Amino acid sequence: MTKPSLRWKTLVPVAVIAAGLLLAASSSFASNRAGVVRVAIMTDCKGAFGFGYEPDIGGAMAAFAKYAGGTAVDPKKPSSGMNGITAGGKQIKIVGYGCGNDTVPLAVTETKRLMEQLNADVMIGPLSGDEAVSVANYAKSHPTKTFIIGTAGSQDPTLQIAPPNVFRYHGDGAQWNAGTGEIAYRLLHWRKAAIIMDDYSFGWTSAAGLIADFCAVGGQITKRVFAPLNTTDYSPYIRQLPPPSSVDGYFWVIGGTGTGASLKAYEQAYGKTDPKKFVGNLFFAFLGNFAEVAPRLAGAYVGGFGTAPGLTTPAAKAYEGQVAKVFPGLDGGNYADGFVYNYYNAAWALVQGLTKSGGAVGTTLQADLPRSIKPGYQVSGGGVVHLDSNRQAIQDQWPLQIQKGANGKLTTAVVGFVPNVTQSFGGLFTKNSPPPGRTQPACKKTVTPWQGKIKVVKNGVVTNKVIK
C-alpha cells in the first residue's frame, strides 16, 4: 500500500467527522436564526435520587410558565412538556430530559445525547454532585454551550473547575449547612461528634460545611465514616461509628434512598435514635425522606437547602403560589424543596438572559445571563442573590428543625437565619485549595462571618434575637 493511499484513508473519516461537526453547528445556528432556542433539562430518573425527576422538571417548567408564557401539557406530570414558551422574541423548545442515575458514566452519556445528538444550546442541570463535576469538565471543551446547574451541590464545578459557561444560582452543599454545626455546639452542647457521609463529591461538600462550622466554634470531629452512594446494607458503616456513649452526637450526611436505610441500621446496632444526638443535612427534610426520618427524630436539627419552609415574606408566598398554580401538589406540595426551587431559579435566570440577549445563545447569552436574581427565599440585600466572580450564588441560609405543628403533625420549621453565605465559607475554601474530600477540610477552630450572629427565626419571621 502506498503512502498516498494511506493518507487518503486517514483523511476520509476525518473529513466525515468534520462535516458532521459543521452540520451540527450549522443546525444550531440555523435553529437560532429561525427563532428557536433549544433547551435540555438534565436530572435523575433512577438511582438514589430518581424520585427528584418530576420535581426538578416541574420547578423549571413553573418558571417558564410564569416568566415565558408556557402552558403545561399535563399539570400532574411536568415531564409531559410545555407549550408556548418564548423569551427574547424566540421560541424555547425543550429538546429532551436527561435521565441520570447519580453516576458519572451515565451523566456523560446523557449530556452528550442532549447537547450533541439533540443539539441543545442550553442545559439546565444536573441534579447530583459527581454529575455536576463531569458536566463542568464537559463544559470546558464546549465553550459556546451554556450550562446552568439544576440543584447539584458539589463545590468543584464553580470553584476549582469554574469554566465561564457554567452558572449556579444556588449555594453548594457546604453553604447550605452554614450555621448548623454552630447550633449543635450552642444549643445541643456537643463538643465531640462523629460524621457519616455519602462517599462522593456532594457528600464530601455537604459534610465539609458541617465540619467547618462545628469546628470553628471549638467542636471536635472524632471519626469520619464513608458509605458508597446507593449502599443498601449500611450495617458495616454504622459499626465504624463510635458508640453513642463516646460522642455527644452524629452528623448524618446520607441521602436519597440511603437516609432511612442508614437510620434503620443504626437502630439495629445501638437502639432507638435520640433526636438530641442527631443533626442531618438536607436529606433529613427533603426529597421524600421526611416521612421516614421525622417519626424517629422529632426535635432534631437539620441543615438547610437555601430554602425556608414556612417563611412568611411576600416573595416566598409568591414563589410557592406560582408553583402550586402550574403544578398543584408537585413534590407532595413541598414547594420549598430545593429540588423544585433551584430548578425554578435556573430556568428563570435563563429567561432573563434570553430576554436581554434578544434570544441569542452562545457567548452572547453567557454575557447576558443575570449576575443577580431576586428569588423567593432570599431576604438579605433587599432579597437579591448575587453571583460571585465564578458565577456562583452568594445565598442566605436557613437551618431547620423537625417540630410538631399546631395540629400535632410533624413538620420542618426554619429556626435560624445566616445571611449571604459565600462559597469560600468565610475564606476556608479557595480555587487553589483541595476540594472537600475524605480528609478535607481539617477540623480547626477559626472565625466564620456569622459566628455568634445567627438570627433566631420563629413562626416564619426573622427576629432580632441571636442563637446563644
Side-chain angles (χ1 to χ4, degrees), residues 129 153-156 159-160 171-227 229 237-238 240-242 244 246-255 258-259 262 266 276-284 300-306 395 397-400 416 418 421-430 433-452 454 467:
S154 50
Q155 183 187 92
D156 321 32
L159 189 57
Q160 287 83 8
D172 70 14
Q175 289 173 270
W176 290 333
N177 285 328
T180 309
E182 186 171 339
I183 284 174
Y185 188 92
R186 295 189 187 280
L187 297 184
L188 298 177
H189 307 293
W190 290 9
R191 296 298 180 265
K192 293 182 179 181
I195 187 165
I196 181 171
M197 69 189 82
D198 288 319
D199 198 7
Y200 77 121
S201 59
F202 173 71
W204 303 331
T205 303
S206 183
L210 291 166
I211 292 168
D213 204 62
F214 181 63
C215 294
V217 287
Q220 298 177 41
I221 299 294
T222 64
K223 181 72 174 180
R224 305 183 192 204
V225 175
F226 309 90
L229 195 61
Y237 306 100
I238 297 300
Q240 295 177 38
L241 289 170
S246 62
V247 290
D248 298 313
Y250 305 97
F251 289 113
W252 217 261
V253 189
I254 301 292
T259 308
S262 60
Y266 176 90
K276 293 181 179 180
K277 292 185 88 63
F278 284 79
V279 170
N281 73 340
L282 64 95
F283 292 114
F284 269 16
Y301 291 97
V302 183
F305 206 172
Q395 186 185 40
Q397 302 304 332
W398 307 90
L400 311 167
V418 185
V421 178
T422 66
Q423 190 173 39
S424 72
F425 216 77
L428 177 64
F429 303 113
T430 69
S433 66
R438 284 179 158 233
T439 60
Q440 296 291 331
C443 184
K444 60 182 180 180
K445 190 170 183 179
T446 183
V447 178
T448 61
W450 53 87
Q451 196 170 107
I454 304 170
I467 291 175

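Please read all numbers here as calculations on a predicted model, not as lab measurements. Values below: all heavy atoms of this structure, side chains included; hydrogens, waters and symmetry mates excluded.
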Q.
Under a plain distance cut-off of 3.5 Å, with no hydrogens placed, do Gln155 and Gln423 share a side-chain donor-acceptor pair?
A. no
Q: Taking the side chain as every heavy atom from C-beta outward, state whether Thr446 and Gln451 have any atom pair closer than 4.5 Å.
A: no
(Q) With a 3.5 Å distance limit and no angle check, can you tell me whether Thr205 reaches the backbone of Ser154 through a side-chain donor-acceptor pair? (A) no
Q) Just one of Phe251, Tyr266, Trp190 clears the ring pair (Phe, Tyr, Trp, His ring centres under 6.0 Å) bar with Phe278, so which one? A) Tyr266
Q: Report yes if some heavy atom in the side chain of Phe429 is under 4.5 Å from a heavy atom in the side chain of Pro436; otherwise report no.
A: yes
Q. Just wondering, do Pro242 and Thr222 contact through their side chains at under 4.5 Å, heavy atoms?
A. yes
Q.
So Phe284 and Thr259, do their side chains get closer than 4.5 Å, heavy atoms only?
A. yes
(Q) List the residues meeting side chain to side chain donor-acceptor pair (under 3.5 Å) with Gln175, not counting sequence neighbours, and say none if there are none. (A) Gln392
**Q.** Close side-chain approach of Ile196 to Tyr250, heavy-atom, < 4.5 Å
**A.** no
Q.
Holding to side chain to side chain donor-acceptor pair (under 3.5 Å), I want the full list of residues that pass it with Gln440, two or more places apart in sequence or in another chain.
A. none
Q) Given side chains that start at C-beta, do those of Arg224 and Ile211 come closer than 4.5 Å, heavy atoms only? A) yes
Q. Is there any disulfide (SG to SG under 2.5 Å) pair reaching into residues 190-220, and which pairs are they, with sequence neighbours excluded?
A. Cys215-Cys443
Q.
Checking Ser424 now: which residues fulfil side-chain contact (heavy atoms from CB on, under 4.5 Å) with it, not counting sequence neighbours?
A. Thr422
Q | Worked verdict on Asp248 versus Leu188 for side chain to side chain contact (heavy atoms under 4.5 Å, CB included) | A | CA-CA 9 Å; Asp248 298 313; Leu188 298 177; over 6 Å; no
Q | Distance in Å, Gln395 CD paired with Trp176 CH2, rounded so as to fall on 0.5 Å steps | A | 8.0 Å
**Q.** Contact check, side chains of Leu428 and Lys444, non-hydrogen atoms, under 4.5 Å
**A.** yes
(Q) Regarding Trp204 and Asp198, do their side chains bring together a donor and an acceptor under 3.5 Å, going by distance alone? (A) no
Q) Can you find a heavy atom in the side chain of Phe226 that is under 4.5 Å from one in the side chain of Met197? A) yes
Q. Got more than 12 heavy atoms from elsewhere within 6.0 Å of NZ, Lys276?
A. no
Q: Apply ring-ring contact (aromatic ring centres under 6.0 Å, His included) to Tyr200 and list each qualifying residue two or more places apart in sequence or on a separate chain.
A: none
**Q.** Pairs touching residues 206-221 that satisfy side chain to side chain donor-acceptor pair (under 3.5 Å), sequence neighbours left out
**A.** Asn177-Ser206, Ser206-Asn281, Asp213-Trp450
